[in-house]
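This report concerns only the one structure given below.
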Amino acid sequence: TVTLTIDNIKVEVEQGSTILEAAKKIGINIPTLCYMKDINAIGACRICVVEVVGARALQAACVAPVAEGMVVKTNSAAVRASRKMTLELIQSNHPQECNTCLRNNNCELQSLSEAMGLKEVRFVRPAQSHGKDDIDNSSPSIVRDPRKCILCRRCVAVCEKVQGVKCISAVNRGFETIVAPPFNQGLIDVNCAMCGQCSLVCPTGAITEVDDTGKVWRALDDPNKHVVVQTAPAVRVAIAEEFGLEPGTIGTGKMVAALRRLGFDSVMDTDFTADLTIIEEGNEFIKRVTEGGVLPMITSCSPGWIKYIEMYYPDLLAHLSTCKSPQQMFGALAKTFYAEKKGIDPANIYSVSIMPCTAKKFEAQRDELTDSGYQDVDVVLTTRELGRMLREIGIDWDNLPEEEYDAPMGLSTGAAVIFGATGGVMEAAVRTVYEVITKEPMPDINLTPVRGMEGIKEATLKVGDLEVKVAVAHTLGNARKLLDKIRAGEADYHFIEIMCCPGGCIGGGGQPIPTNLEVRLKRISGIYKADEEMPIRKSHENPAIKAIYEEFLGEPLGEKSHKLLHTHYIP
Ligand code: HC1
């Protein structure tokens, strides 16, 4: 270990620690801007500078290693002046549009400037060319506004190191540097999976979700439209954060009440079609195992993941389940089954979904997802956008009552809610597949080996006479490892779950900011708590699912199910 002194306090830390880590150990929070633990420690922004006695220049605490006997000052006059000057220089090249920015009141540059007492910006931005002013609106999911970029490179790091996609990087040199796709192309024209992880880590408003709230307001204001809304599993454990509550707070009932107050005609649940997905996908799996179909079968509900496999592993598309995602099953049923049942012309149904995900916006616009005869899902809002709409009408979250979802597509089970966490789709599927095959209750329905934040998880289960080997991966970086194994013929799994974002949908690119490891873990706890609180925890026991097969769909994998609930992929 190494002993050093920080602000007159002695601290002992492991050799190789940084000054930032050592300070944290004694409760000194050195401000940072570009730093992300384990992902982006590059000392680029110079906000975390500290004075090391005897050193010639200030040191970036996020990368400077500790040394025996070192004496550090984190708040000397030189340190404060340097941080302030750095901020002033960043601000001089940053639009002063805070009041109208999507990140107003949730911007790290704004809050740092306030904390550092920045009162004036004395410098004027010189003219810049090379794309600094080109706002990229090409993607249905993500907007890139290089004017607001402070070159911290967190987005570059997350795209490369977590997702393995590398669709953006620093281009040009010196003052002309911007972060952009190659040749400053639009995100729609490059290998972006639309996951939005970049928007979660961006400290400013340089990368944001596409704001679709205007479309939803217009539909709600249109007396000819019957506006239905579905809510994804992971939104319920995150939406309360938009009102200052702890991550993982279960907000289901209040969210339903809030959506009614916004004016939706029917508030229903993606969880209903998550249960339906389990029935279709479970049966598809059993069919592939018993009839010799392509194995391992891989889940298909995460749209960033689907875009990624289409781009990078088109030779493996036959491994994907043909099931549409729950969002898209819901959309197809809203304009067929629901419209019929309610006697509403599907042309007048406007179908909105609330998702933790930016890629869902892209998914909803895919040409092939129109089996109802219309675009099945008209518009997708992220959790953050829903938060904004609710603040706009002054929702008093704390005093909202808890309300129930509407029938017929509002009833769901614990198996559906766990879709929102990595491993959850697999666990939900196993709960059903086990009982369908063995015709006996599963001794313990909690499939704990596939829970948690480990990148790739495996389990082997005895299901009747079958030994079923499953794997679960989250992040595209981990997905790649499994896909390479399949390509090499080294994957002896039967069933694989892949979710695009770290932690699964609870960590989706449309979730409240901040979304970091600590927040993800709390949301995951919320998800499993929600599962335990549900009266029914297995999809095949959902009476509304049994009813929809009896009344409308016929059988799993039947003709109607095939048309409305399954899809194909585009290499
Ligand atoms: Fe997801 Fe899914 S779990 S993909 O993460 O299968 O977004 O929450 O809605 O569709 O159900 C997201 C979450 C979501 C779908 C379901």
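Just follow the structure's listing: the first ligand is 1, and inside any ligand the first atom is 1. Worth knowing before you read on, the calculation uses all heavy atoms, side chains too, and leaves out hydrogens, waters and symmetry mates.
Nearest protein heavy-atom neighbour of atom 3 (S) of ligand 1: Phe419 O, 3.3 Å. Looking at atom 6 (O) of ligand 1, its nearest protein heavy atom turns out to be Cys301 CB, 3.0 Å. Scanning the protein for heavy atoms near atom 16 (C) of ligand 1, the closest one is Pro326 CG, 3.4 Å. Given atom 9 (O) of ligand 1, the protein heavy atom at minimum distance is Ala232 CB, 3.0 Å.
Inclusion of Ala234 in the set of residues having an N or O under 3.5 Å from an N or O of ligand 1 is warranted. Considering backbone and side-chain N/O of Lys360, one or more are found under 3.5 Å from N/O of ligand 1.
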ask   = Are Glu310 and Leu317 close enough, and set up right, to give a side chain to side chain contact (heavy atoms under 4.5 Å, CB included), and what steps lead you there?
value = CA-CA 7 Å; Glu310 287 178 334; Leu317 287 174; 4.0 Å; yes

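Between Val377 and Gln230 there is a side-chain heavy-atom pair separated by less than 4.5 Å. Looking at heavy atoms from C-beta onward, Val433 lies in side-chain contact with Phe285 at the 4.5 angstrom threshold.
Residue contact check: Ala274 has heavy atoms under 4.0 Å from atoms 11 (O) of ligand 1. Contact atoms of ligand 1 toward Gln327: 10 (O), 15 (C) (distance under 4.0 Å to a heavy atom of the residue). Under a 4.0 Å criterion applied to the non-hydrogen atoms of Cys357, ligand 1 contributes the atoms 7 (O). Ligand 1 places these atoms under 4.0 Å from at least one heavy atom of Pro233: 8 (O), 9 (O), 11 (O), 13 (C), 14 (C), 16 (C).
A donor-acceptor contact shorter than 3.5 Å links the side chain of Arg154 to the backbone of Val201.
Close to ligand 1: Pro356, with a non-hydrogen atom less than 4.0 angstrom away.
Closest non-hydrogen pair, Arg480 versus Tyr308, comes out as NE-OH, 2.9 Å. Lys335 approaches Ser351 most closely through the heavy-atom pair CE-CB, 4.1 Å.
Counting heavy atoms under 4.0 Å from ligand 1, residue Met355 touches it through the side chain alone.
With respect to the salt-bridge test (charged N to carboxylate O, under 4.0 angstrom), the residues Asp269 and Arg236 qualify. Between Lys457 and Glu454 no salt bridge is recorded (no basic side-chain N to carboxylate O distance below 4.0 Å).
Across Asp444, Asp275, Asp531, a single residue satisfies salt bridge (charged side-chain N to carboxylate O under 4.0 Å, His left out) together with Arg431, and that is Asp531.
Residue contacts to atom 1 (Fe) of ligand 1: Cys505 brings an N, O or S atom closer than 2.8 Å.
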